[in-house]
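Read through the structure below, which is laid out as structure tokens, and then see the notes.
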Amino acid sequence: MYIKKETGPIEVALPNGRRLNRSDLPDRSTKRWVSRLKMVVVQAVKYDLISSDEACELYELSKEELESWVSLSENHGAIALRATA
């Protein structure tokens with residue numbers, strides 16, 4: 001069995017005292033992006049658990065899409081990441 005060695009931290013502390021680790025990240029095959037999952041990816045990138053390039057590669061996101069998630073969450077909070085009709 002081949003085990004991939006992760007580069008970077010395994011866990012980071014968030015400002016609210018919670019900890020975010022790699023096992024908290026959404027599955028690579030995620031297709032339905034609810035606001036909670038988007039926020040986990042945003043926090044992982046913002047607090048250097050993963051790089052933005054790694055997030056884009058893992059989840060097949062464009063740079064612009066990830067940047068819009070980060071911008072929306074910083075300006076308006078997690079509720080801005082909700083998809084509306």
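Nearest heavy atoms, Ser62 versus Cys56: O-SG, 3.9 Å. Residues Ala55 and Leu61 approach most closely at O-CD1, 4.3 Å, considering heavy atoms. Closest approach of Pro9 to Arg22, counting heavy atoms only: O-NE, 3.2 Å. Taking all atoms of both residues into account, the shortest heavy-atom contact from His76 to Ile79 is O-CG2, 3.7 Å.
Residue Glu57 qualifies as open at atom CD: its count of foreign heavy atoms under 6.0 Å is 12 or below.
Of the N and O atoms on the side chains of Asp27 and Ser29, at least one donor lies less than 3.5 Å from an acceptor on the other residue.
By the 4.5 Å heavy-atom criterion applied to side chains, Glu60 and Lys31 are counted as neighbours. Residues Leu66 and Val41 meet the side-chain proximity criterion, which asks for heavy atoms closer than 4.5 Å. Between Val70 and Lys46, the closest side-chain pair of non-hydrogen atoms is not below 4.5 Å. For the pair Arg36 and Leu81, the minimum side-chain heavy-atom distance is 4.5 Å or more.
Pairs passing the ring-ring contact (aromatic ring centres under 6.0 Å, His included) check and including a residue from residues 21-47, sequence neighbours excluded, read Trp33-Tyr59, Trp33-Trp69.
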Query raised in the report: Would Val40 and Leu25 satisfy side-chain contact (heavy atoms from CB on, under 4.5 Å), going step by step from the backbone distance to the final call?
Result: CA-CA 6 Å; Val40 170; Leu25 293 173; 4.2 Å; yes
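Taken to the nearest 0.5 Å, the CZ atom of Arg32 stands 9.0 Å off from the CG atom of Leu37. For the atom pair OG (Ser71) and CD (Glu64), the distance works out to 13.0 Å, reported to the nearest 0.5 Å.
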